[in-house]
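So you know, we letter chains A, B, ... as the sequences are listed, proteins then strands, and number each from 1.
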There are 2 protein chains.
Amino acid sequence: MRTELSAEVLSALEEATSDVVTIEAGNDLVTSGEAVSHIHYLLHGTVLRYREDKKGHRQAVGIGLHGEFLDVDSFQLRVPNYSMRSLDKAEIAKIPFDGLDALLCRFPDMVHILWTSTASESIALQYWIFRIGRLRGEGRIAHLICELAERLRQYGRFESGELNLPLRQCDYAEACGMTPIHANRCFASLRERGFVDVKRARTIHVLAESELRKLAMFNSFPVNSGGNPSGIVD
Amino acid sequence: MRTELSAEVLSALEEATSDVVTIEAGNDLVTSGEAVSHIHYLLHGTVLRYREDKKGHRQAVGIGLHGEFLDVDSFQLRVPNYSMRSLDKAEIAKIPFDGLDALLCRFPDMVHILWTSTASESIALQYWIFRIGRLRGEGRIAHLICELAERLRQYGRFESGELNLPLRQCDYAEACGMTPIHANRCFASLRERGFVDVKRARTIHVLAESELRKLAMFNSFPVNSGGNPSGIVD
DNA sequence: CGCTGCATTGAAATATCTCAATCAATGTGG
DNA sequence: CCACATTGATTGAGATATTTCAATGCAGCG
């Protein structure tokens, strides 16, 4: 989740950062079951969080956008229960736990900021459950598009209705609990209805956001404080 | 999530409790979008957390068992994004935010305990997403049964393979993102296969847990520290 | 007995998956 | 520039899974 950070806190975070790494597209930065010693802050890029079954089928359980903490929960749990993979060339700040501990002493507000990030994450996951549990194919894709649009907009990166992210159709499929083939058909249907247009590779043009929202029963996404907090979709 | 609390912390929590309320089966104790001023600790009973769409269809996004905090995230976010309903006669301790603040000052460890509860909740939600996203009907029901069995077992309340909870088939359906009719057929199928037996109303006899686990690709559930943390299901 | 709340069943309509190809864009080496 | 490999999108068609609608069954209870 995105968090507004004061300049002071920001520079303290920067100080606490042990490493800034660059990860090529398609590589894992965290592996499920392997203990970590730091949390990640995404400076640039897009990251997919996922769980895998024994057949190697992935289920996405989150998408990290730039400017977001990726795994604050690991600060408490130490061993991630998911893997994370960058979808493009990503730049990531690693903030070690011990540095974080020191930081929390110096800036007590930091506790609230990070803890809130964990809590927002929970709420976001509940949206995902709703999406996969209550909607059918078309609605699920629409719902995810709405979520990403909403988040990018709040970060000021949703200009001219363009969703510019490195997600492939099969990534949408993994996030929506469906086959890539079915995802493709849902995209086709949304396109036929005139709701979206896939401009070029991986750029989705949102043409009728309100229709998408209706279809997806989407209400605004909880990016720290934003929007309609009512769980009732309207 | 269940948390092991020291006697000292426990009594402090008790002190901080403003109210212990009893809620009859089927009543809401928290309503989505309505600000709260305290968190809930479930002393006795079973609680369903859910989100609702405009048609009134519910999607469960969590099940609270006795001995668990129900909504620590509200301590950070103040406005719940979900509703909660008791499935039986429930006894609930309300711990007001300000009391909690005071408590956290006196017992710094408390931060870790509660924060961890929030983080575990996230992990649990990821299991739910996996369940609904990657499994089909039978597997989903099996997965939920495994989760509940696992949690009850860790609390020492899973004697003689009996799942004794007030969940109706339609509650399983709401949690698994499917129609109650379909849930019924999945139960029937699990019964025919000899994996479970529904003894009497609302009591599920688990006959072949290992088979259930295999079917559900279930690996142990994260109830604070327990089990195989690897996300790879085997 | 006649409710009521849940579980169960049947059958047709849809949605989704699976398998098997094809297509379009892009990049690479010669 | 061409031949070829690669990656991701697209299509078709049959097999399954799931939903929907409409009834029935079954037990507890006033």
message: Using OP1 and OP2 only, check whether a side-chain N or O of B:Arg136 sits under 4.0 Å from D:dA17.
response: no

- prompt: Side chains of A:Phe130 and B:Val61: closer than 4.5 Å at any heavy-atom pair?
  reply: no

query: What nucleotide, of D:dC21, D:dT18, D:dG12, holds the atom closest to the side chain of B:His182?
result: D:dT18

- request: Return no unless some side-chain N or O of A:Arg191 is found under 4.0 Å from OP1 or OP2 of D:dT10.
  value: yes

- line: When rounded to the nearest 0.5 Å, the distance separating CG of A:Asp28 from CG of A:Leu48 is 10.0 Å

- request: Would you indicate whether the side-chain heavy atoms of A:Leu165 and A:Arg202 approach each other to under 4.5 Å?
  value: no

message: I'd like the 5' and 3' limits of the part of DNA chain C contacted by chain B, with heavy-atom contacts below 4.0 Å.
response: C:dC6 to C:dC17

message: Which nucleotide wins on minimum distance to the side chain of A:Arg168, given the candidates D:dA13, D:dG8, D:dT10?
response: D:dG8

task: Take atom CG of B:Leu135 and atom C1' of D:dT18, then tell me their distance rounded to the nearest Å.
output: 15 Å

- request: For A:Arg185 and for A:Cys170, find the nucleotide of DNA chain D with the closest heavy atom, then tell me which residue's nucleotide is more 5'.
  value: A:Cys170

- line: Atom CG of B:Asn184 and atom P of D:dT20 are separated, to the nearest Å, by 16 Å

message: Both B:Met178 and A:Ile181 contact DNA chain D. Which one's nearest nucleotide lies toward the 5' end?
response: A:Ile181

field: Stepwise side-chain hydrogen bond (donor to acceptor under 3.5 Å, both in side chains) check, B:Tyr82 with B:Asp73
entry: CA-CA 11 Å; B:Tyr82 46 79; B:Asp73 60 286; 2.8 Å; yes

field: Presence of A:Arg202 side-chain N/O under 4.0 Å of D:dA9 phosphate oxygens OP1/OP2
entry: no

- request: Please figure out whether B:Pro180 or A:Ala183 has its closest DNA chain C nucleotide nearer the 5' end.
  value: B:Pro180

